[in-house]
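All remarks here apply to the structure that follows.
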Amino acid sequence: MARSKVFIADLEDNSVVESTFLLAVKSIRETRSGDPYLSMTLQDRTGTIEVRAWDNALVLDKRAEVDDFVAIRGRVSSYRDNLQITLNDLERVDDAGVDLADYMPHSRWSADLLFEELRELIDTSIESAEVRRFLNALLGDENFATRYKQAPAAVTNHHNFLGGLLEHTLSMARLGLQMARHYQTYYPGLVDSDLVVAGVVLHDMGKIEELSYRRSFDYTTEGRLVGHIARGAEIVGQVAGALQPPVDAELVTHLKHLVLSHHGRLEYGSPVTPRTAEAMILHFLDLIDSRMNMCWNACEPLMTGDAQAGGWSDYRRALEGFMFVAPPPTGGRWEHEGRVSRDASRGPGLVPGAPASPSDGLNGGASQADSESGRSSESRARRAEDNNLSLFGE
Ligand SMILES: [Fe+2]
Ligand SMILES: [Fe+2]
């Protein structure tokens with residue numbers, strides 16, 4: 001079988017595919033008539049695709065295990081608005097013959113850059129020395145930082161790529177800071193922006209242990225048995241317990257509440273619902289940031305490469321429907337700056353010609369404003385008073 005790489009995002013309906021992929025999920029199932037068939041999910045850096053083998057299922061099943069690289073031959077067809085491969089042949093491929101970067105989706109920005117920006121945002125925007133001390137103790141731990149930089153934010157749905165947790169967190173931190181300041185202006189004294197940023201940094205950190213991401217993404221046993229919400233609250237307790245002098249107990253309770261309530265509802269896995277203004281903001285930040293990533297995943301193929309005409313996306317279960325991208329007004333190409341080709345957008349590190357970091361050209365002013373605001377030790381009430389004045393000054 002051919003070992004050349006064809007990417008999942010480039011597969012076309014009603015075509016034959018011969019290529020290598022990472023075997024992410026595999027199981028033997030039964031048809032309605034009781035015959036066995038092989039169900040697999042294959043992965044590369046551009047996405048995942050479902051594969052079914054109706055013939056020789058038991059033989060093909062034995063040829064490779066999850067997390068192996070496999071060369072396959074099959075036919076691509078459309079099933080319920082998604083492409084799927086009907087498998088004809090499969091063989092295991094030695095790890096040495098493949099380039100890992102082709103098979104693991106990762107953030108468009110380097111993890112080191114994202115991490116640096118997050119730490120800078122913490123240093124320049126958090127006024128409370130106690131909150132800063134707590135976050136710096138956590139992020140300064142090399143073991144933690146290494147995994148925090150690598151982890152995806154989810155197995156499917158949103159930010160499901162290496163560095164996804166960090167990309168999601170930094171995006172939320174920037175947005176959270178703006179939102180906190182906005183509501184400080186409207187409702188003086190109601191929102192503590194330090195707690196919003198801290199909540200953002202901590203909210204999904206349990207994912208570094210909930211998910212496995214050395215190869216294909218999946219849940220770990222601890223992830224399934226404990227979950228990232230409970231584990232996150234536990235880590236808050238561990239970090240606080242190790243700090244000398246001890247951190248303020250009330251702050252620790254607030255931080256735990258932020259982590260525990262961030263899914264917003266009991267039926268979504270939170271043992272408590274948001275009971276502080278900061279926790280409520282955190283929950284909606286999480287929601288908007290995950291939804292916007294899903295939206296991007298659905299719409300990006302309509303804005304890049306040859307298919308720049310806009311139109312309807314394929315069906316997105318998590319978004320409960322199809323997404324629409326309006327066609328460009330003048331026909332031809334999208335003329336917005338910063339559009340990147342699909343390949344470049346998945347490339348490692350910084351993308352030539354694309355924003356040097358997610359802040360450039362988007363929200364670049366925020367960090368400057370942050371550093372200008374300094375780290376004063378004004379009381380919450382005093383800050384509220386200032387904000388009140390700025391409301392009338394605008
Ligand atoms: Fe979460
Ligand atoms: Fe999240």
Side-chain angles (χ1 to χ4, degrees), residues 118 121-122 125-139 148 153-154 157-159 165-166 168-208 210 226-241 243 247-293 366 370 379-381 383-384 387:
L118 184 67
L121 182 143
I122 290 166
S125 71
I126 291 192
E127 295 182 22
S128 154
E130 275 299 83
V131 176
R132 264 202 323 274
R133 183 162 73 102
F134 183 94
L135 294 179
N136 285 333
L138 178 78
L139 299 176
Y148 194 70
N157 289 344
H158 78 98
H159 298 93
L165 173 62
L166 197 49
H168 172 54
T169 301
L170 179 60
S171 169
M172 282 174 66
R174 291 199 176 117
L175 213 51
L177 207 51
Q178 290 195 8
M179 206 184 280
R181 287 177 177 160
H182 174 87
Y183 284 114
Q184 282 167 353
T185 309
Y186 277 85
Y187 309 117
L190 181 65
V191 179
D192 182 331
S193 62
D194 291 356
L195 285 180
V196 172
V197 173
V200 165
V201 174
L202 304 176
H203 84 287
D204 273 343
M205 68 176 165
K207 301 236 176 175
I208 66 170
E210 183 183 47
V226 179
H228 76 280
I229 296 181
R231 184 63 191 121
E234 238 172 35
I235 298 174
V236 170
Q238 284 169 348
V239 173
L243 276 175
V247 195
D248 180 71
E250 202 179 313
L251 170 62
V252 176
T253 304
H254 272 301
L255 296 179
K256 284 183 177 168
H257 177 68
L258 285 158
V259 173
L260 290 171
S261 66
H262 82 266
H263 279 204
R265 306 177 95 166
L266 306 187
E267 59 268 41
Y268 295 159
S270 272
V272 286
T273 54
R275 293 295 114 198
T276 62
E278 295 84 2
M280 205 171 290
I281 286 181
L282 175 65
H283 167 57
F284 287 109
L285 283 171
D286 195 24
L287 214 58
I288 182 89
D289 200 66
S290 54
R291 290 303 179 282
M292 287 311 291
N293 184 255
D370 299 343
S379 71
R380 201 171 177 176
R383 270 188 272 150
N387 286 322

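On a predicted model such as this, the values are computed, not experimentally measured, just so you know.
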ask   = So, D204 side chain and K207 main chain: donor-acceptor pair closer than 3.5 Å or not?
value = no
All side chain to side chain contact (heavy atoms under 4.5 Å, CB included) counterparts of R133, not counting sequence neighbours = E130, L243, P245, V247
inquiry  = Checking the side chain of E210 only, and the main-chain atoms of G227 only, is there a donor and an acceptor separated by less than 3.5 Å?
reply    = no
message = My understanding is that only residues two or more places apart in sequence, or in another chain, count here; which of them pass side chain to side chain donor-acceptor pair (under 3.5 Å) with S261?
response = none
ask   = Can you name the side chain to side chain donor-acceptor pair (under 3.5 Å) partners of N157, sequence neighbours left out?
value = none
ask   = Can any side-chain N or O of T273 pair as donor or acceptor with the backbone N or O of G264 at less than 3.5 Å?
value = no
ask   = Roughly how far, to the nearest 0.5 Å, is CD of E278 from NE2 of H283?
value = 15.5 Å
query = How many angstroms lie between atom CE of M280 and atom OH of Y183, to the nearest 0.5 angstrom?
reply = 11.5 Å
request  = Count the heavy atoms of every other residue, nucleotide or ligand shown that sit under 6.0 Å from CD of E267, and state whether that count exceeds 12.
outcome  = yes
By side chain to side chain donor-acceptor pair (under 3.5 Å) - contacts of H263 (at least two apart) = H228
key: Point-to-point distance, once rounded to the nearest 0.5 Å, from CG of L285 to CG of L177   = 10.5 Å
Spacing of CG belonging to L260 relative to CZ belonging to R275, to within rounding of 0.5 Å = 13.5 Å
key: Sequence-distant partners of Y148, ring pair (Phe, Tyr, Trp, His ring centres under 6.0 Å), two or more places apart   = F144
ask   = Is there a donor-acceptor pair closer than 3.5 Å between any side-chain N or O of T276 and the backbone N or O of A279?
value = yes
task = Using only heavy-atom distances, determine whether the side chains of H158 and D289 contain a donor-acceptor pair under 3.5 Å.
result = no
query = What residues form a side chain to side chain donor-acceptor pair (under 3.5 Å) with D286, not counting sequence neighbours?
reply = H168, H203
